[in-house]
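Here is the structure we will look at.
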Number of protein chains: 2
Amino acid sequence: MAETARHPEPRYGTRPTMKDVAARAGVGLKTVSRVVNGEPGVTPDTERRVQEAIEALGFRRNDSARVLRKGRTASIGLVLEDLADPFYGPLSRAVEEVARDHGALLINGSSAEDPEREQELVLALCARRVDGLIVIPAGEDHRYLEPEIKAGVATVFVDRPAGLIEADTVLSDSFGGAREGVAHLLAHGHRRIGFIGDRPHIHTAVERLRGYHAAMADAGIDVRESWVSQGATDPGRVAAAAEAMLAGPEPVTALFSGNNRVTVTVVRVLARREDHIALVGFDDIELADLLGVTVVSQDPAAVGRTAAEHLFRRLEGSGRPPARVTLPTRLVARGSGELPPA
Amino acid sequence: MAETARHPEPRYGTRPTMKDVAARAGVGLKTVSRVVNGEPGVTPDTERRVQEAIEALGFRRNDSARVLRKGRTASIGLVLEDLADPFYGPLSRAVEEVARDHGALLINGSSAEDPEREQELVLALCARRVDGLIVIPAGEDHRYLEPEIKAGVATVFVDRPAGLIEADTVLSDSFGGAREGVAHLLAHGHRRIGFIGDRPHIHTAVERLRGYHAAMADAGIDVRESWVSQGATDPGRVAAAAEAMLAGPEPVTALFSGNNRVTVTVVRVLARREDHIALVGFDDIELADLLGVTVVSQDPAAVGRTAAEHLFRRLEGSGRPPARVTLPTRLVARGSGELPPA
DNA sequence: ATGAAAGCGCTAACAC
DNA sequence: GTGTTAGCGCTTTCAT
């Protein structure tokens with residue numbers, strides 16, 4: 001990469017700047033800036049010369065410098081639990097599409113359900129001066145975000161409310177959805193219904209359990225302790241919980257599973273059995289139609305879209321106080337939830 | 001929202017800088033920089049005062065300015081087809097984990113399989129000066145990346161090779177996997193085997209079809225035109241293609257599906273039928289075990305991890321020429337691929 | 001141990 | 001139409 005006298009090319013690893021382009025095109029720095037940004041006030045001939053210099057040098061505007069000057073990055077951050085979870089892929093994609101419509105890039109990160117990692121990620125995004133932030137909270141205390149929000153970072157919480165601060169929030173109706181799902185089982189004659197959910201510090205897990213209790217209470221049924229299991233959603237724990245509820249002299253005749261990961265494992269457990277245990281799951285899962293799994297479905301893309309639209313509305317300066325939006329769920333009957341008690 | 005009309009520059013949105021922190025702590029700017037970056041040469045007492053000022057003001061370092069000065073962003077970009085696709089979620093997550101291990105953030109974007117959008121996205125990432133780039137190509141001409149790569153942006157292509165430029169590439173063994181899958185069907189006695197794949201401009205689609213032809217040739221079978229269908233992977237097209245192959249006087253007795261989306265639709269089509277058509281699919285799908293679907297599985301997380309590790313090795317300055325890595329696939333027999341011909 | 005000054009590459013505000 | 005100048009907030013260099 002030696003430099004020749006004729007056309008001084010930048011060295012490997014060094015990028016041409018507007019100044020280089022200006023020198024090569026024989027114009028002033030600001031003229032290059034005008035061309036690059038499509039601003040008016042440049043004659044076609046000058047513009048052509050500048051464009052040629054840009055091509056020849058392989059110039060690409062340095063957005064860090066631009067951001068430093070302009071104050072806005074045209075990017076937003078999304079912190080979620082795990083991008084590999086089939087719930088978050090479509091959610092993230094929906095956010096990305098809205099961001100794209102607003103000319104913004106999306107940076108997303110997985111908290112792995114770890115509050116420290118959530119905070120680390122959020123603050124890294126703030127250091128990069130994202131214009132806005134969508135957070136699926138892992139932690140329960142978000143006061144660390146107060147200075148950021150004060151400083152103008154629009155923030156929307158999704159799936160679970162923020163902890164100890166006021167902020168826009170978009171939720172699915174976990175309580176109502178679970179209540180409806182359990183009521184569905186009750187309507188099909190079940191009385192002993194088991195609930196297998198996520199760890200009790202997770203907001204949605206609590207809400208869904210509340211929905212379960214509400215439906216059971218509506219039916220005048222005393223819930224036995226052994227019918228409820230909360231904890232990690234790994235297959236081992238969930239399978240054990242299901243087996244336990246299905247054993248003994250008075251086993252449950254139906255199960256309600258608290259999220260997609262639980263449902264997958266429960267379906268596997270039930271598939272190994274001779275009897276026909278009823279099942280309703282929270283969250284839809286791929287191919288549930290073929291497996292005949294009745295679910296309470298929430299639409300991850302709609303959740304993401306709604307959150308992103310809120311965010312951009314706020315960025316555009318709606319001065320409204322923080323609002324909470326709850327999106328409805330939908331019961332999808334496919335067979336497993338309509339089985340009668342054994 | 002207390003934006004008074006009299007304030008041309010609202011305090012809202014103005015963030016404290018190191019200068020502000022320095023003023024408040026009664027120290028020099030550079031001392032604040034030292035504290036923020038954990039550099040040595042600051043007495044514990046000074047450090048404490050600076051920390052207090054940071055807390056009080058809610059200071060957060062502006063990474064744009066840092067990047068402008070340092071040249072590296074500690075971020076990498078990932079351009080894929082669609083984050084909502086169950087193949088890319090785990091891939092992206094794996095890339096993220098490797099990036100995290102190297103202290104980098106991941107920015108990802110979906111090209112929606114549109115070459116223009118791919119280029120737009122890639123160049124936006126370059127403008128933000130990502131240190132490296134992982135691209136699942138949508139387009140067939142990547143010469144637009146030459147100046148970027150020359151300028152030092154480490155680039156790795158994944159799933160499909162780059163077009164018209166030399167670059168590191170990580171692929172799954174589409175040819176070998178498809179050949180093995182089709183050979184599996186042949187070994188179970190099938191002779192009339194249909195192939196339903198993605199659009200023929202996609203590299204993996206071509207390779208998998210090549211694998212199909214190779215296996216059929218190995219068995220000495222002349223492939224009829226009506227046994228092969230390539231095109232969009234939307235359910236309508238795929239279902240029609242499958243129905244067509246299964247109709248007529250000499251229908252196929254087995255199907256090979258070219259990717260996860262195709263497989264899902266074919267499974268649905270076959271589920272509606274009385275007969276037992278054999279099926280092997282490329283890519284694993286969730287709950288395929290319960291449905292008994294035999295697949296040629298590739299590991300998306302391994303693909304992502306491998307690509308990211310290559311990227312960081314390059315960033316750390318391995319001056320080796322571009323290399324191509326091919327990851328093996330694995331045949332997972334679950335029943336549908338072992339059915340005999342009708 | 002600490003700080004003052006000089007940029008990084010760009011855009012805003014004015015020159016001409 | 002076009003160019004010049006002064007920063008944006010940080011790190012680097014070099015004094016002290």
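Every chain is numbered from 1 and lettered A, B, ... according to where its sequence line falls, protein lines coming before strand lines. The shown structure was predicted, so the numbers you read here are calculated from the model rather than taken from an experiment.
- For B:Glu118, the side-chain hydrogen bond (donor to acceptor under 3.5 Å, both in side chains) criterion is met by B:His142, B:Tyr144, not counting sequence neighbours.
- Bounding nucleotides for the chain A contact on DNA chain D, 5' to 3', at a heavy-atom distance below 4.0 Å, are D:dG1 to D:dG9.
- Considering only residues two or more places apart in sequence or on other chains, A:Glu97 meets the side-chain hydrogen bond (donor to acceptor under 3.5 Å, both in side chains) condition with A:Arg93, B:Arg117.
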Under the criterion side-chain hydrogen bond (donor to acceptor under 3.5 Å, both in side chains), I'd like the reasoning laid out for B:Glu96 against A:Ser110: C-alpha separation, chi angles, the key distance, then a yes or no.
CA-CA 8 Å; B:Glu96 184 190 354; A:Ser110 304; 2.8 Å; yes
With B for base contact, S for sugar-phosphate-only contact and - for none (protein heavy atoms under 4.0 Å), nucleotides 3-12 of chain C reads BB-BBBBBBB
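- Residues satisfying the side-chain hydrogen bond (donor to acceptor under 3.5 Å, both in side chains) criterion with B:Arg34, sequence neighbours excluded, are absent altogether.
- Rounded to 10°, the angle separating the first-five-pair axis and the last-five-pair axis of the helix from C:dA1-D:dT16 to C:dC16-D:dG1 equals 40°.
- Residue pairs meeting the salt bridge (Lys or Arg N to Asp or Glu O under 4.0 Å) criterion with at least one partner in residues 313-322 of chain B, sequence neighbours excluded, are B:Asp168-B:Arg314.
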For a quick test of your reading: what N or O donor-acceptor pairs under 3.5 Å do the side chains of residues 38-45 of chain B make, sequence neighbours left out?
from, atom 1, to, atom 2, distance (Å)
B:Thr43, OG1, B:Thr46, N, 3.4
B:Thr43, OG1, B:Thr46, OG1, 2.5
B:Asp45, OD1, B:Arg48, NH2, 2.8

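- Residues passing the side-chain hydrogen bond (donor to acceptor under 3.5 Å, both in side chains) test with A:Asp141 are A:Arg143, sequence neighbours excluded.
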Scan the side chains in residues 131-139 of chain A for donor-acceptor partners under 3.5 Å anywhere in the protein, sequence neighbours excluded, and list what turns up.
from, atom 1, to, atom 2, distance (Å)
A:Asp131, OD1, A:Thr73, N, 3.0
A:Asp131, OD1, A:Thr73, OG1, 3.2
A:Asp131, OD2, A:Ala74, N, 2.8

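- Under the rule for a ring-ring contact (aromatic ring centres under 6.0 Å, His included), the partners of A:Phe312 that lie at least two apart in sequence or sit in another chain are A:His102.
- Among pairs with a residue in residues 151-165 of chain B, those fulfilling side chain to side chain donor-acceptor pair (under 3.5 Å) read B:Glu113-B:Arg160, at least two apart in sequence or across chains.
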